[in-house]
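Contents: one structure, followed by commentary.
Quick note: numbers below take in every heavy atom, side chains included, and nothing from hydrogens, waters or symmetry partners. Sequence lines set the chain letters: A, B, ... in the order given, protein chains first and strands last, and positions in each chain run from 1.
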Amino acid sequence: MLVFHYLHQLKLCAKRQTTSSTIKKLHAQLIKTGIAQHEPFPNTLLDAYAKCGFLNNARQLFDEMPQRDLVSWASLLTTYNHSDLPRRTLFTFHSMFAVDGLRPDHFVFASLVKACAFLGDTRLGKQVHARFALSSFCDDNVVKSSLVDMYAKCGLPDDAYAVFCSICLKNSAAWTAMISAYARSGRKADAIGLFQQAPFRNLFSWTVLISGLVQSGNGIDAFRLFIKMQRENIDIIDPLVLSSIVGACANLAVLELGKQVHCLIIALGYESCLYISNVLVDMYAKCSDITAANEIFGRIKHRDVVSWTSMIVGAAQHGQAKEALALYDRMVEDGIKPNEVTFVGLLYACSHVGLVDRGRTIFKSMVEDYGFRPSLQHYTCFVDLLSRSGHLNEAENVVNSIPFELDEAIWAALLTACKDRGHTQMGIRIADHLLSLKIENPSTYVLLSNVYAGACMWENVSKVRKLMTTMEVKKKPGYSSVEFGKETQVFYAGETSHPLKDEIFNLLRELDAEMRRRGYVPDTSSVLHDMEQQEKERQLFWHSERLAVAFGLLKAVPRTII
DNA sequence: GTAGGGTTAG
C-alpha cells in the first residue's frame with residue numbers, strides 16, 4: 001500500500017511541477033523506509049526531479065543509482081532537453097554506450113531528435129535520422145513526428161514531408177508539425193492546403209499556421225488568417241497566437257492595427273502575461289510610439305532579458321542612445337544577465353551617437369565578462385562604430401581578426417567611412433575586395449561606383465555599372481508608407497501622380513527652405529556620381545520617405561505620431 | 001520514461 005502511495009505522490013509532483021522541497025521530503029521518507037533503491041522508485045524519483053526542473057538533484061540521483069537502465073538514461077536526456085541543454089543531451093548519449101553499454105530505444109531517439117531540432121543542426125539531425133531508420137524502432141510514429149518537427153525547425157520542409165508521409169497513423173502532433181514546416185518556410189499555399197486537409201482545426205493548428213507565416217515575413221496573410229480564426233469562433237484559451245500577431249504588427253509597423261490587437265489582449269485578460277508585454281513593448285517601439293512602449297515596459301512586474309532588450313533596442317532605434325545605455329545599467333543592477341541580442345542593441349546605440357569608448361568597453365565586456373562569442377552582427381555594429389568615428393585602422397584590424405567568413409555589410413560599413421573621411425587608398429583596397437565578392441545590395445554598387453569615381457578609376461566605374469544593369473532587373477523600387485486612421489498610403493520615389501502632389505510639393509519646399517536656413521546641406525553622396533549637383537538634390541528632394549512624411553503632416557491631426 | 005504552437009537583432 002505504502003509503495004502505491006509514494007508512487008502516486010511522486011507522479012503528482014511530476015505532473016504539477018511542485019517545489020523541490022516537496023520531492024525531497026518524499027525522497028527522504030523513501031530512504032527512511034528503505035525502499036528508495038527498489039524498483040521503480042529510482043526512475044520515478046528521477047522523473048519527478050527532472051519534470052520540475054531540478055537538474056542538479058536529478059543528476060545527483062542518476063549518478064548515485066546502483067543500476068541504470070534505458071529508462072534512467074532516457075529520463076536524464078529528457079531532463080537536459082527540458083533545461084535547454086541540447087548539447088548535453090547529445091553528449092550524454094555517447095556515454096550511454098561507453099558507461100552502461102546500452103543501445104538507444106525509441107524514447108532515446110525522440111530525445112536526440114529534439115536536441116538536434118533545438119540546435120537547428122541539420123547534419124547531426126540527419127545522422128540521428130539514419131540511425132533511427134536502421135534501428136528496430138524505425139516504425140515508431142512518435143519519433144517520426146519529432147523528425148518532422150526537427151526538419152521543420154532546420155528549414156527543410158521537403159525532408160519533413162517525406163517523413164510525414166511515412167507516418168501510418170498521423171495524429172495532431174504530426175499534422176501541426178508539418179503545417180508549421182510549410183508555414184515557417186514561407187510555403188503559404190502548401191501550409192494552408194495542409195491546414196484545410198487536416199482532420200481537425202484547433203487553436204494549436206491555427207497557431208502554428210499563423211506564427212509560421214509571421215516568422216517567414218508573411219504578416220499580412222497571417223493577419224487575414226487570424227481574422228478568419230476569430231470568425232470561426234475559436235476560443236483563444238491561451239495567448240500564444242496573440243504574441244505572434246502582435247509580432248506581425250511590429251514587423252509591418254502598423255500602429256493602428258497594433259492598438260486594436262492590444263485592446264483584444266486586454267479584453268481577453270492576457271495583458272500582464274510576460275511574453276505579451278514583451279512583444280507589445282517591441283511593437284510600440286517599432287511603430288514609433290516610444291512613449292507607449294515605455295509605459296508598457298514600466299508596468300511589467302518581473303522583467304526578463306527580453307523585456308529589457310526590447311526596450312534597449314527600441315530606444316536605440318529612436319536615437320535615444322543615452323536612455324538605452326541607462327536602461328542597460330538598470331538592468332544589470334536588477335541582476336538580469338544580458339544576452340547576445342542585448343549587446344547588438346547596445347553597440348547599435350553607441351554607433352549612432354559615436355560613443356566609441358563606451359562601445360569598446362561594451363564589446364570587451366560581452367566577451368570577457370559574459371563569455372559570448374561575438375557574431376557577425378556584433379562585429380558589424382562594432383566596426384560601424386569605429387569607422388564612423390574615424391578609427392579606420394582599428395576598424396580594419398577588427399575586421400581582419402574576425403574568425404569566420406565575412407559578408408557584404410561589414411565591408412560596406414568600412415568602405416563608407418573610407419569614402420566619407422577621404423581615405424582613398426584604403427577605400428580602393430576594400431572596394432577591390434568587395435568587387436571580388438557577390439554583391440547583393442544595390443546601394444553597395446552605388447558606393448563602389450562613387451569610390452572609384454572619386455579616385456578617377458573610370459574603368460572600374462564602368463565595370464560596376466555593367467554589374468549593376470544586370471542586377472537592376474531584380475531590384476525592387478524602394479517605397480515608404482504612412483498610416484492615417486485606418487488607411488495606409490504608399491509612396492514611391494519621384495512619384496508625380498498623387499492627387500495631393502502640389503500640396504506635398506509646397507510643404508516640402510517650405511520645409512526645405514527652413515532646413516537650409518538652419519544649416520542643412522543635402523548629402524548627395526549616396527546618389528550616383530555622374531549627375532549634376534542640382535539633379536542629385538532633386539532626387540533627394542523627391543525621396544519616398546519625404547513624400548510620405550509630408551503627406552502625413554498634411555493629413556494627420558496635429559500632435560499625432562507619424 | 002518519448003512527439004506539435006509564442007517574444008528581443010538580422
ask   = Just checking A:Lys144: base, sugar-phosphate only, or nothing, at a heavy-atom cut-off of under 4.0 Å?
value = nothing
key: Side-chain touch A:Ser166/A:Lys144, heavy atoms, less than 4.5 angstrom   = yes
key: Spacing of A:Ser351 atom OG and A:Arg358 atom CZ [to the nearest 0.5 Å]   = 14.5 Å
ask   = With respect to the side chain of A:Asn202, which nucleotide from B:dG1, B:dG5, B:dG4 is positioned closest?
value = B:dG4
note = note: A:Leu240, atom CG; B:dG6, atom P; distance rounded to Å ~ 7 Å
From B:dG6, B:dT8, B:dG1, nucleotide with atom closest to A:Asn339 side chain = B:dT8
key: Base B:dG6 to side chain A:Ser244, donor-acceptor N/O within 3.5 Å cut-off   = no
ask   = In whole Å, what is the span from the CG atom of A:Leu70 to the C1' atom of B:dG1?
value = 10 Å
request  = Could you check which of B:dT7, B:dG4, B:dT2 has an atom nearest any side-chain atom of A:Val279?
outcome  = B:dT7
message = Need one value for A:Ser111: base, sugar-phosphate or nothing, where a base atom within 4.0 Å counts as base even if backbone is also close, heavy atoms only.
response = nothing
ask   = With a 4.0 Å cut-off on heavy atoms, is A:Lys170 in touch with a base, just the backbone sugar-phosphate, or nothing at all?
value = nothing
task = Could you work out which one of B:dT2, B:dG5, B:dA9 sits closest to the side chain of A:Leu203?
result = B:dG5
A:Ser211 side chain, from C-beta outward: closest of B:dG6, B:dG10, B:dG4 = B:dG6
Test item: side-chain donor near acceptor, A:Asn202 and A:Ser205, under 3.5 Å = yes
task = Would you kindly give the CE-to-C1' distance between A:Met311 and B:dT8, to the nearest whole Å?
result = 12 Å
message = Whole angstroms only, please: what is the CH2-C1' distance between A:Trp73 and B:dG1?
response = 15 Å
ask   = How would you label the contact of A:Asn141 with the nucleic acid (heavy atoms, under 4.0 Å): base, sugar-phosphate, or nothing?
value = nothing
OP1 or OP2 of B:dT7 under 4.0 Å from side-chain N/O of A:Lys286 = no
query = At under 4.0 Å between heavy atoms, what does A:Val313 touch on the DNA or RNA strands: base, sugar-phosphate, or nothing?
reply = sugar-phosphate
message = Need one value for A:Ser172: base, sugar-phosphate or nothing, where a base atom within 4.0 Å counts as base even if backbone is also close, heavy atoms only.
response = base
Any N/O donor-acceptor pair, A:Asn171 side-chain to B:dG4 base, under 3.5 Å = no
message = Nearest to the A:Gln317 side chain among B:dT2, B:dG10, B:dG4, which nucleotide is it?
response = B:dG10
ask   = Does NZ or CZ of A:Arg103 fall inside the cone over A:Phe97's six-membered ring, less than 6.0 Å from its centre and within 45° of the axis?
value = no
note = To the nearest angstrom, the CG-C1' distance between A:Asp304 and B:dG6 comes to 13 Å
inquiry  = Within the 4.0 Å heavy-atom criterion, would you say A:Val142 contacts the bases, only the backbone, or no part of the nucleic acid?
reply    = base
message = Within the 3.5 Å criterion, strictly below it, is a donor on A:Ser72 or A:Asp69 matched to an acceptor on the partner's side chain?
response = yes
inquiry  = Given the ring of A:Phe164, does A:Lys170 sit roughly above its face, with NZ or CZ under 6.0 Å from the centre of the six-membered ring and within 45° of the axis?
reply    = yes
inquiry  = Among B:dG1, B:dT8, B:dG4, which nucleotide has an atom closest to any side-chain atom of A:Asp149?
reply    = B:dG4
request  = From the options B:dG6, B:dT2, B:dG1, select the nucleotide whose nearest atom is closest to the side chain of A:Lys11.
outcome  = B:dG1
task = Calculate the interatomic distance between A:Met283 atom CE and B:dT8 atom C1'; express it in whole Å.
result = 15 Å
request  = Give the rounded distance in Å between these two atoms: CG of A:Leu112 and P of B:dA3.
outcome  = 12 Å
task = Report which part of the nucleic acid A:Ser243 touches: base, sugar-phosphate, or nothing (heavy-atom distance under 4.0 Å, all strands).
result = base
request  = Quick one: label A:Asn43 by what it contacts on the DNA or RNA (base, sugar-phosphate, nothing), any heavy atom closer than 4.0 Å.
outcome  = nothing
inquiry  = If I take atom CD1 in residue A:Ile179 and atom C1' in nucleotide B:dA3, what distance separates them, rounded to the nearest angstrom?
reply    = 15 Å
inquiry  = Heavy atoms from C-beta onward define the side chain here; which of B:dG5, B:dG1, B:dA3 lies closest to that of A:Val208?
reply    = B:dG5
message = Taking donor-acceptor contacts at under 3.5 Å, does the side chain of A:Asp238 reach the base of B:dG5?
response = yes
query = So, is A:Gln215 near the phosphate of B:dG6, with a side-chain N or O under 4.0 Å from OP1 or OP2?
reply = yes
